[in-house]
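Numbering of ligands and ligand atoms starts at 1, following listing order. Values reported hereafter were calculated over all heavy atoms of this structure, with side chains retained and with hydrogens, waters and symmetry mates removed.
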Amino acid sequence: MTSTIPSTIRSICCIGAGYVGGPTMAVIADRCPEIQVTVVDLNQARIAAWNDPDLTQLPVYEPGLDAVVGRCRGRNLHFTTAVETAIAAADMVFLSVNTPTKTKGVGAGQASDLRWIEASARQVAACAQGHTIVVEKSTLPVRTAETVKAILQAAQGEVAGSGQPKTFAVLSNPEFLAEGTAIPDLEQPDRVLIGGEDPAAIEALASVYSQWVPADRILRTNLWSSELSKLTANAFLAQRISSINSIAALCEATGADVQEVAHAIGADSRIGSKFLKAGPGFGGSCFQKDILNLVYLCGHYGLHEVAAYWQGVVELNGWQQHRIARLVVQRLFGTVTGKRIAVLGFAFKADTNDTREAPAIRICQDLLEEGAQLAIFDPKVTEAQITADLGVPPLATPQSPALSGDGVWQVVNNPSEAVAKADAVLILTEWSSFAQLDWSQLAPLMRRPAWVFDARSIVDCAAVRAAGLQVWRVGMG
Ligand code: NAD
Ligand code: UGA
């Protein structure tokens, strides 16, 4: 699939204006002012939000993102629904579309749903002009590039509007940014990974990143290693979280303290100190999806023991979430029916408005099932999003108790409102403002005896106790 590669990339199109496409392209545009970068999406509302004139309604909340978009938008960064025109103008097209777990059909519950990647590859096949480098940015099952190549190959050689025959090269360039730190992750990546077969295409993409990434951090591999490295990185990171959460439960049973254990093991340079924070389990759109995808792939290749090994990481994560909900019920005398519980934090981690697979969803659902009245506060998550996630609407009249004993929830405007008359506070996201809460002021608002359940280890336990509240902290025996 090779032919003449433009030595310099002048025009990039990114299909998918989501959490990855938007920030990634904004940083490329910022660091490469000579490249025109156009981000396209079928979702008109999302594109309109990216074009919000005063930058306050960008569809993705990321610290620092508004400044980067503000510098480049209208100069060499564009957001549009004109997908065909943008593809036709591009030397390089990034596929940054969603790849969620399949919900039905073969592989449902495990395999990635590749319908959006296939649709976008077909759009490129139809609309590209001249030579186009197609870059897989989405996280994909190993060997997906085979499918992308097959789709593009079928269109190769057609003479498009430009009068030039179409040719393509396919690269894998997975993204490793984490939400909440997307901008620093993109500006100073640990590494950029480029997998491919065509040296000229690989160097063309490397030349884009080399505008700001040191040469020794740009890794080149074959296509399949690149695709598999992304799944493997997420699996290893998630595995560390399940490992420390498993030890947190043992700490609670034995009098050990998981923070001390994490510090002690993290001091071993072979283990390292990062990603050892016990919590309510990992959330986010990718860890579970990518491990399940790995499990499916292993099953496909007959590696059933390997599949079971990785499946255990996901199972432990679900167990940890149910365990925390059960523990809240147990400490509140075995019943939470009709009791008010202040839930602080709904996003899957701090500094993001993203709630995909947030531990708060499962934990709140368990507590609602037990009949609790939840008063939820998150600095960035909207009521509409929480309604969609919990699958039940909020209580219409917040003050009226649930007569049926059914669980109910409402969104409140601040932590003080949440804790008023509550029997317990449950901290599920590590927003820094929650670490600053003044418990001497909040405690008198609560009904006694009252608990603080800190699933993120961010409160000062001594201050909570001094305020007359009981405290549970994840992993503290
Ligand atoms: P997202 O759902 O936020 O965005 C994907 C966008 O693609 C959506 O806006 C959707 O409308 C658009 N889209 C789908 N098909 C399209 C088409 N044919 N034409 C135009 N637009 C189309 O997803 P995301 O979080 O940005 O993730 C994208 C990929 O990146 C996934 O594979 C994910 O696993 C991977 N990834 C995500 C993160 C993260 O932090 N969210 C990090 C690394 C990798
Ligand atoms: C993760 C990876 O860190 C990124 O490298 C990857 O690109 C991305 O997935 C992806 O492929 O989507 P992200 O999910 O945005 O990034 O955020 P993380 O910081 O990894 O946190 C994931 C979850 O693990 C969060 O719920 C977080 O609270 C939890 N976590 C993280 C812990 O419970 N303990 C830790 O020590 C670290």
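- Neither the backbone nor the side chain of Ala182 has a heavy atom within less than 4.0 Å of ligand 1.
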Verdict with supporting geometry, His78 and Thr38, side-chain hydrogen bond (donor to acceptor under 3.5 Å, both in side chains): CA-CA 5 Å; His78 314 278; Thr38 304; 5.1 Å; no
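- Counting heavy atoms from C-beta outward, Glu62 and Glu179 have side chains that approach closer than 4.5 Å.
- The ligand atoms of ligand 1 that sit less than 4.0 angstrom from a heavy atom of Lys230 are 43 (C).
- Residue Lys277 places its NZ atom among 12 or fewer non-hydrogen atoms of other residues, nucleotides or ligands, all under 6.0 Å distant.
- Among the atoms of Lys137, none of the N or O lies under 3.5 angstrom from an N or O of ligand 1.
- Using a 4.5 Å heavy-atom threshold, the side chains of Arg46 and Thr81 count as separate.
- Every atom of ligand 1 with a heavy atom of Leu42 under 4.0 Å away is listed here by number and element: 16 (C), 17 (C), 18 (N), 19 (N), 20 (C), 21 (N).
- To the nearest 0.5 Å, atom CD of residue Glu369 and atom CZ of residue Arg362 are 13.5 Å apart.
- Separation of atoms OG1 (Thr352) and CH2 (Trp431) is listed at 7.0 Å; rounding is to 0.5 Å.
- Distances from atom 8 (C) of ligand 1 to the heavy atoms of Gln123, Gln44, Arg46 show the closest one on Arg46.
- When non-hydrogen atoms are compared, ligand 1 lies under 4.0 Å from the side chain of Cys286 (C-beta onward) but not from its backbone.
- With Phe79 as the aromatic partner, Arg73 does not meet the cation-pi criteria of under 6.0 angstrom to the ring centre and within 45 degrees of the ring axis.
- Taking 4.5 Å as the limit, some side-chain heavy atom of Tyr19 sits within range of a side-chain heavy atom of Asn353.
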Just the distances, no angles: every ligand 2 N or O to protein N or O pair closer than 3.5 Å, one line each.
residue	atom	partner	partner atom	Å
ligand 2	5 (O)	Phe176	O	2.7
ligand 2	7 (O)	Glu175	O	3.4
ligand 2	7 (O)	Phe176	O	3.2
ligand 2	7 (O)	Leu177	O	2.7
ligand 2	7 (O)	Lys230	NZ	2.8
ligand 2	11 (O)	Lys230	NZ	2.8
ligand 2	11 (O)	Asn234	ND2	2.8
ligand 2	15 (O)	Glu179	N	2.7
ligand 2	17 (O)	Lys349	NZ	3.2
ligand 2	19 (O)	Lys349	NZ	2.8
ligand 2	26 (O)	Gly283	N	2.9
ligand 2	26 (O)	Phe348	O	2.8
ligand 2	28 (O)	Arg456	NH1	2.7
ligand 2	28 (O)	Arg456	NH2	3.4
ligand 2	34 (N)	Lys277	O	2.8
ligand 2	36 (O)	Leu276	N	3.3
ligand 2	36 (O)	Lys277	N	2.9

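- With a 4.0 Å heavy-atom cut-off, ligand 1 is reached by no atom of Val83.
- Near Ser96, meaning under 4.0 Å from any of its heavy atoms, are these atoms of ligand 1: 5 (C), 28 (C).
- You'll find the side chain of Lys102 stays beyond 4.5 Å of the side chain of Tyr296, heavy atoms only.
- The nearest heavy-atom contact from the protein to atom 11 (O) of ligand 1 is Asp41 OD1, 2.6 Å.
- The cationic atom of Lys380 (NZ for Lys, CZ for Arg) lies less than 6.0 Å from the six-membered ring centre of Tyr61 and within 45° of the ring axis.
- Looking from atom 39 (C) of ligand 1 to the surrounding protein, the closest heavy atom is Glu179 OE2, 3.4 Å.
- Close approach of ligand 1 to Ile15 (heavy-atom distance below 4.0 Å) involves ligand atoms 17 (C), 19 (N), 20 (C), 21 (N).
- Ligand 1 places these atoms under 4.0 Å from at least one heavy atom of Thr99: 31 (C), 32 (O), 34 (O).
- Residue Tyr19 has at least one heavy-atom neighbour below 4.0 Å for each of these atoms of ligand 1: 3 (O), 24 (P), 25 (O), 26 (O), 41 (N).
- Close approach to Trp116 involves these atoms of ligand 1, each under 4.0 Å from a residue heavy atom: 14 (C), 15 (N).
- Annotation: Gln211, atom CD; neighbour count of heavy atoms from other residues, nucleotides and ligands within 6.0 Å is above 12.
- Ring geometry, Phe287 versus Phe282: the interplanar angle exceeds 60°, so the pair is classed perpendicular (tilted spans 30 to 60°).
- Each of the following atoms of ligand 1 lies closer than 4.0 Å to a heavy atom of Lys289: 33 (C), 34 (O).
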Test log, rule salt bridge (charged side-chain N to carboxylate O under 4.0 Å, His left out), inputs Lys230 and Glu136: CA-CA 12 Å; Lys230 173 63 195 176; Glu136 296 176 341; over 6 Å; no
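- Of the protein's heavy atoms, Val20 CG2, 3.2 Å lies nearest to atom 38 (C) of ligand 1.
- Relative ring orientation between Phe453 and Trp451 is described as parallel, the plane-to-plane angle staying below 30° on a 0-90° scale split at 30° and 60°.
- Neither the backbone nor the side chain of Arg115 comes within 4.0 Å of ligand 1, counting heavy atoms alone.
- In this structure, atom 14 (C) of ligand 1 lies nearest to the protein heavy atom Asn98 OD1, 3.2 Å.
- Scanning the protein for heavy atoms near atom 28 (C) of ligand 1, the closest one is Val97 O, 3.4 Å.
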Check against side chain to side chain contact (heavy atoms under 4.5 Å, CB included), Ile218 and Ser210: CA-CA 8 Å; Ile218 302 177; Ser210 66; 4.1 Å; yes
